[in-house]
Amino acid sequence: MTSSANPTTLIEGFFLEWMERDRKLSGNTVASYRDAFTLYFRWLRDKRGIEPLEVSMSDLTADSVNEFLNYLADERGCCPKTLNCRLSAFWSFAKYAARRAPQHLGQLSEMSKIPNRKARRREIGYLTPDEVEWMTDCCEPGSETELLVAMLYNSGARISELVTVKVEDVRTSAKGNCHVHFFGKGRKDRTVPLWDATSQLLLSHIERLSLKEDDYVFAGRNVDHLTRSGARSRLDCVAKKARAAHPELARKKITPHVFRHSTAMAMLAAGVDIATVAIWLGHEDINTTHKYVVSDMAVKEEALAKARRDWQLKPRKPYKASKDVLDFLNSL
């Protein structure tokens with residue numbers, strides 16, 4: 001009789017061997033998968049009375065994972081996007097464990113087939129160039145917050161990428177503007193140029209604070225660099241001032257990631273091809289960038305203008321099959 005595998009051993013191997021050594025996944029991915037399994041083991045303990053040390057492979061089934069996801073949705077109020085994030089941890093674990101414990105291939109295969117939860121696809125929120133200018137107008141001239149807003153819009157970087165930029169990642173080109181190197185999501189590197197005005201803000205900031213090569217451009221108070229929540233807090237203060245001066249912004253959600261959307265939309269509106277936008281944003285798959293195309297209202301209005309009210313389809317004659325199939329094939 002084939003013995004059952006030890007789930008603790010498999011999970012430790014999954015994190016230490018597969019994720020960190022073999023795949024070299026980012027710390028954010030490791031933390032996300034860790035949280036998924038932590039929540040799952042707590043659920044087994046609280047809802048089923050199974051202590052972590054007592055968990056066996058019979059407790060790691062597709063039915064159990066589905067029940068766990070339902071618990072997250074019903075009792076913790078998690079949205080489909082969060083559920084799918086948790087589910088991805090179990091998919092990856094199932095693929096790893098199937099190689100290490102082939103005697104459980106059947107149940108692990110069923111786990112890897114659990115379907116994604118359907119999520120509502122909302123239109124992308126973004127700021128127009130005028131609205132971005134309203135935001136910068138509400139910043140103190142030459143301040144670090146103004147630099148933060150300018151670089152978010154100019155570079156289209158994720159906030160996690162921007163706050164970890166060091167002085168050594170900034171290079172001045174022969175033209176005098178700055179090029180900034182980002183180490184992005186999925187361990188992908190890219191370098192983007194900055195406008196002259198943004199470059200001047202950045203260079204003045206580095207000079208004013210006498211920053212060294214290994215210093216972070218955006219320093220934190222009690223940590224090495226500005227945190228994502230710290231950046232969000234600064235933007236919230238600026239957005240509050242901008243909404244007071246421009247009520248049109250009241251209904252708009254303004255976050256660091258909205259600036260990334262705004263960069264993509266501005267580039268597409270300026271006629272930049274979608275492949276270049278994908279490279280600029282660091283998208284591995286161009287289909288990820290396609291969502292910006294379908295969100296451009298100007299494109300939709302242009303399409304509507306082409307479909308005039310007096311535009312009519314020409315009546316088409318009903319199709320009649322040929323009596324002789326050979327005559328039909330020869331006509332092709």
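Start at 1 with the first residue, then count along the sequence.
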(request) Please check if the side chain of Arg260 supplies one atom and the backbone of Gly156 the other of a donor-acceptor pair under 3.5 Å. (result) yes

(request) Mind listing the closest non-hydrogen atom pair of Pro52 and Phe41 along with its distance? (result) CA-CD2, 4.3 Å

(request) In sequence, state the C-alpha distance, the side-chain angles, and the governing distance for Ser143 and Thr145, and then conclude on side-chain hydrogen bond (donor to acceptor under 3.5 Å, both in side chains). (result) CA-CA 5 Å; Ser143 66; Thr145 301; 4.6 Å; no

(message) Can a side-chain donor-acceptor contact be found between Ser64 and Arg48 if the only test is distance below 3.5 angstrom?
(response) yes

(message) Checking side-chain polar atoms at under 3.5 Å, does Ser58 have a donor or acceptor matched by the opposite partner on Ser56?
(response) yes

(request) Compare all side-chain heavy atoms of Ser160 with those of Phe183 and state whether any distance is below 4.5 angstrom. (result) no

(request) For the pair Ser204 (side chain) and Leu201 (backbone), establish whether a donor and an acceptor sit closer than 3.5 Å, ignoring hydrogens and angles. (result) no

(request) Report the C-alpha separation of Leu87 and Leu83 in whole Å, then their side-chain angles, then the decisive distance to 0.1 Å, and conclude whether the side chain to side chain contact (heavy atoms under 4.5 Å, CB included) test is met. (result) CA-CA 6 Å; Leu87 178 57; Leu83 298 180; over 6 Å; no

(request) Report yes if some heavy atom in the side chain of Leu226 is under 4.5 Å from a heavy atom in the side chain of Tyr216; otherwise report no. (result) no

(message) How long is the straight-line distance from CH2 of Trp134 back to SG of Cys139, given to the nearest 0.5 Å?
(response) 15.0 Å

(message) Once you measure the plane-to-plane angle for Phe37 and Phe90, does it fall in the parallel (<30°), tilted (30-60°) or perpendicular (>60°) bin?
(response) tilted

(message) What verdict does the side chain to side chain contact (heavy atoms under 4.5 Å, CB included) test give for Glu20 and Phe15, after you've listed the backbone C-alpha separation in whole Å, the side-chain angles of each residue and the deciding distance to 0.1 Å?
(response) CA-CA 6 Å; Glu20 294 190 7; Phe15 279 93; 5.6 Å; no

(request) Please report the closest heavy-atom contact between Trp280 and Thr263, naming both atoms and the distance. (result) NE1-CG2, 4.2 Å

(request) State, yes or no, whether a side-chain contact exists between Phe68 and Leu44 at a heavy-atom distance under 4.5 Å. (result) no

(message) Treating Ser109 as the side-chain partner and Gly106 as the backbone partner, does any N or O pair qualify as donor plus acceptor under 3.5 Å?
(response) no

(request) Hey, could you give me the CG/CD distance between Leu108 and Gln103, rounded to the nearest 0.5 Å? (result) 9.0 Å

(request) Answer yes or no: does atom CZ of Arg251 have more than 12 heavy-atom neighbours from other residues, nucleotides or ligands under 6.0 Å? (result) no

(message) Quick check for you: to the nearest 0.5 Å, what is the distance between Leu10 atom CG and Glu17 atom CD?
(response) 9.5 Å

(request) Heavy atoms only: give me the nearest Glu140-Glu146 pair and the separation to one decimal. (result) O-OE1, 3.6 Å

(message) Could you check whether any side-chain heavy atom of Val217 comes within less than 4.5 Å of a side-chain heavy atom of Leu147, counting everything from C-beta outward?
(response) yes

(message) With heavy-atom distances below 4.5 Å as the criterion, would you say the side chains of Arg232 and Thr255 are in contact?
(response) yes

(request) Starting at NE2 of His246, measure out to CD of Glu133 and round the result to the nearest 0.5 Å. (result) 9.0 Å

(request) Answer whether the closest heavy-atom distance between the side chains of Leu235 and Leu152 falls below 4.5 Å. (result) yes

(message) My understanding is that only one of Leu72, Leu69, Asn84 makes a side chain to side chain contact (heavy atoms under 4.5 Å, CB included) with Cys78; could you say which?
(response) Leu72

(request) Check whether any side-chain heavy atom of Glu110 sits under 4.5 Å from a side-chain heavy atom of Asp63, and report yes or no. (result) no

(request) Answer yes or no: is there a side-chain heavy-atom contact under 4.5 Å between Val65 and Phe93? (result) no

(request) Specify the closest pair of heavy atoms between Ile159 and Pro256, including all atoms of both residues, with the distance to one decimal. (result) CB-CB, 3.7 Å

(request) Give a yes or no on whether Leu203 and Leu194 share a hydrophobic cluster (residues Ile, Leu, Val, Met, Phe, Trp, Tyr; joining criterion: side-chain heavy atoms under 4.5 Å apart). (result) no

(message) side chain to side chain contact (heavy atoms under 4.5 Å, CB included) for Tyr96 and Met19? Distances and angles first, verdict last.
(response) CA-CA 10 Å; Tyr96 166 83; Met19 294 191 71; over 6 Å; no

(message) Can you tell whether the side chains of Lys47 and Glu67 come within less than 4.0 Å, N to carboxylate O?
(response) no

(message) Tell me whether the count of non-hydrogen atoms from other residues, nucleotides or ligands lying under 6.0 Å of CZ in Arg99 goes above 12.
(response) yes

(message) Are there over 12 heavy-atom neighbours, none belonging to Glu213, within less than 6.0 Å of that residue's CD?
(response) yes

(request) Ignoring hydrogens and angles, tell me if any N or O in the side chain of His104 forms a donor-acceptor pair with the backbone of Met57 under 3.5 Å. (result) no

(request) Determine, stepwise, if the pair Trp195 / Asn177 fulfils side chain to side chain contact (heavy atoms under 4.5 Å, CB included). (result) CA-CA 7 Å; Trp195 293 315; Asn177 66 318; over 6 Å; no

(request) Determine yes or no for a side-chain-to-main-chain donor-acceptor pair under 3.5 angstrom, with Ser262 supplying the side chain and Val258 the backbone. (result) yes

(message) Quick test of your reading of the model: are Lys240 and Asp236 salt-bridged, counting only N-O distances below 4.0 Å?
(response) no

(message) Please say yes or no: joined through hydrophobic side-chain contacts below 4.5 Å, possibly via intermediate residues, are Ile279 and Met265 part of one cluster?
(response) no

(request) Rounded to the nearest 0.5 Å, what's the gap from CG on Leu281 to CZ on Arg158? Could you check? (result) 8.0 Å

(request) Using the rule that two of Ile, Leu, Val, Met, Phe, Trp, Tyr join whenever any of their side-chain heavy atoms come within less than 4.5 Å, decide whether Val167 and Leu202 are in one cluster. (result) yes

(request) May I ask whether Phe14 and Leu105 are part of the same hydrophobic cluster, defined by side-chain heavy atoms of I, L, V, M, F, W, Y residues being less than 4.5 angstrom apart, directly or through others? (result) no

(request) Mind listing the closest non-hydrogen atom pair of Leu148 and Leu162 along with its distance? (result) CD1-CD2, 3.9 Å

(request) Measure from the side-chain N and O atoms of Gln107 to the backbone N and O of Leu60, and report whether any donor-acceptor pair falls under 3.5 Å. (result) yes

(message) Can you give me the closest heavy-atom contact between Arg243 and Lys252, atom names plus distance?
(response) NH2-O, 2.9 Å

(request) Find the distance between CG (Asp46) and OH (Tyr71) and round it off to the nearest 0.5 Å. (result) 6.5 Å

(message) Is there a continuous path of hydrophobic side-chain contacts, each under 4.5 Å between heavy atoms, that joins Val223 to Leu209?
(response) no

(message) Test your reading of the model: is there a side-chain donor-acceptor pair from Asp169 to the backbone of Lys166, 3.5 Å cut-off?
(response) yes

